[in-house]
Amino acid sequence: MDIKSFEDLIEWARELHAHLSRCLSECSTKNKEERARALLTYLSDHEAELERITAEFEQQADSRALKTRLYDYLNDEHKAIKTHRTCDDHYANLDFDSIVREVFSFHDQLIDLYDSLAGKAEIPEAKELAESLRAMEENEAMRLARQIGMMDDV
């Protein structure tokens, strides 16, 4: 996807969450570990919720912020975000801890991207939007960490 504006960025992030949700769901029945299957199911549902939350930013954000061009300061950072792009059996072959590491790495990369964009934003509305996206990702990552910690305790 060619990202030229914050509106494009939000759509791209929404699609990443949707894609990850589908991949995790497809692998949830194929993993040999019971804990990993439960984790994949939970993570799939969580990513679907993040897809929905991210879409709300498109509806609620300031129109000037959404139209703000990113090509001057995005520097292809969005292409550096690593996620398993094809829905093969990748997550079906990982253990619980490896799945957790990959999903948190994905969220950390998004948080870093939003943080970078907030620091480079030239108008207050764009800065606020990037900071709101970052805060949402951070809060959801913390919630995810708590939930996974409880799963790990069981």
Side-chain angles (χ1 to χ4, degrees), residues 1-28 36 38-88 90-91 94 96-152:
M1 176 176 193
D2 192 22
I3 299 174
K4 295 179 181 174
S5 67
F6 269 98
E7 188 170 34
D8 296 336
L9 176 75
I10 293 169
E11 177 68 13
W12 170 79
R14 187 195 60 74
E15 288 174 5
L16 281 179
H17 286 298
H19 176 78
L20 184 55
S21 175
R22 284 189 304 275
C23 290
L24 295 166
S25 178
E26 287 176 18
C27 291
S28 67
L39 175 65
L40 289 166
T41 299
Y42 174 75
L43 290 172
S44 173
D45 292 344
H46 190 263
E47 290 301 322
E49 178 65 8
L50 282 172
E51 174 192 7
R52 185 194 65 74
I53 293 169
T54 303
E56 288 180 13
F57 278 90
E58 291 176 295
Q59 306 302 317
Q60 298 174 4
D62 182 278
S63 62
R64 288 184 295 182
L66 288 172
K67 299 299 180 198
T68 299
R69 306 295 278 177
L70 295 177
Y71 57 80
D72 287 339
Y73 54 97
L74 192 59
N75 298 326
D76 292 329
E77 290 177 48
H78 67 283
K79 293 178 183 168
I81 290 184
K82 299 195 182 356
T83 182
H84 203 70
R85 297 298 225 163
T86 57
C87 284
D88 56 15
H90 177 73
Y91 294 103
L94 296 178
F96 185 95
D97 292 331
S98 297
I99 295 165
V100 169
R101 275 192 302 277
E102 282 206 19
V103 169
F104 277 106
S105 172
F106 166 72
H107 286 279
D108 289 344
Q109 291 172 70
L110 274 176
I111 291 166
D112 290 346
L113 174 60
Y114 295 144
D115 191 47
S116 171
L117 293 173
K120 296 174 184 176
E122 295 178 7
I123 65 169
E125 295 85 358
K127 182 178 182 71
E128 182 180 326
L129 177 57
E131 288 173 343
S132 294
L133 287 163
R134 182 192 67 226
M136 179 270 297
E137 282 289 342
E138 286 175 340
N139 291 335
E140 289 301 316
M142 286 187 290
R143 183 169 73 104
L144 193 57
R146 283 190 303 273
Q147 293 298 107
I148 290 171
M150 287 191 288
M151 287 177 83
D152 208 20

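- Pairing each heavy atom of F6 with each of A65, the nearest pair is CB-O, 3.3 Å.
- With sequence neighbours excluded, the residues forming a salt bridge (charged side-chain N to carboxylate O under 4.0 Å, His left out) with R64 are D62, E125, listed by chain and number.
- Between D8 atom CG and S5 atom OG the span is 3.5 Å, to the nearest 0.5 Å.
- For residues 42-52, the salt bridge (Lys or Arg N to Asp or Glu O under 4.0 Å) pairs, not counting sequence neighbours, are R14-E51, E49-R52, R52-E56.
- Nearest heavy-atom pair across A36 and L94 is CB-O, 4.3 Å.
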Pair Y114-E131, side-chain contact (heavy atoms from CB on, under 4.5 Å): steps then yes or no
CA-CA 7 Å; Y114 295 144; E131 288 173 343; over 6 Å; no

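- With a 4.5 Å cut-off on side-chain heavy atoms, I53 and E140 count as touching.
- Here the SG-CG distance, from C23 to L40, works out to 10.5 Å after rounding to the nearest 0.5 Å.
- At a threshold of 4.5 Å between non-hydrogen side-chain atoms, the residues I10 and L129 count as touching.
- Among all heavy-atom pairs drawn from E58 and E7, the shortest one is OE2-O, 4.2 Å.
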Can E102 and S98 be said to form a side-chain hydrogen bond (donor to acceptor under 3.5 Å, both in side chains), step by step?
CA-CA 6 Å; E102 282 206 19; S98 297; over 6 Å; no

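- Listed here is the closest heavy atom pair of L70 and I3: CD1-CG2, 3.9 Å.
- The shortest side-chain heavy-atom distance between L66 and F57 does not fall under the 4.5 Å cut-off.
- In this structure, T54 OG1 and E15 CD are separated by 11.5 Å, a value rounded to the nearest 0.5 Å.
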Before giving the answer on side-chain contact (heavy atoms from CB on, under 4.5 Å), spell out for L20 and L43 the whole-Å C-alpha distance, their side-chain angles and the decisive distance to 0.1 Å.
CA-CA 9 Å; L20 184 55; L43 290 172; over 6 Å; no

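- To the nearest 0.5 Å, atom CG of residue D112 and atom CG of residue L110 are 9.0 Å apart.
- With N139 contributing its side chain and A135 its backbone, the two residues share a donor-acceptor pair below 3.5 Å.
- Although no hydrogens or angles enter the test, the distance criterion places no donor-acceptor pair under 3.5 Å between the side chain of S25 and the main chain of R22.
- Looking only at side-chain heavy atoms (C-beta outward), Y42 and L24 stay at 4.5 Å or farther from each other.
- For S132, there are no side-chain hydrogen bond (donor to acceptor under 3.5 Å, both in side chains) partners two or more places apart in sequence or in a different chain.
- Not counting sequence neighbours, the partners of S21 by the side-chain hydrogen bond (donor to acceptor under 3.5 Å, both in side chains) test are S44.
- Considering only residues two or more places apart in sequence or on other chains, E138 meets the salt bridge (charged side-chain N to carboxylate O under 4.0 Å, His left out) condition with R134.
- L9 CG to L113 CG: the interatomic distance, rounded to the nearest 0.5 Å, is 6.0 Å.
- Aromatic pair H17/H107: centroids less than 6.0 angstrom apart.
- H46 places a side-chain heavy atom less than 4.5 Å from the side chain of R143.
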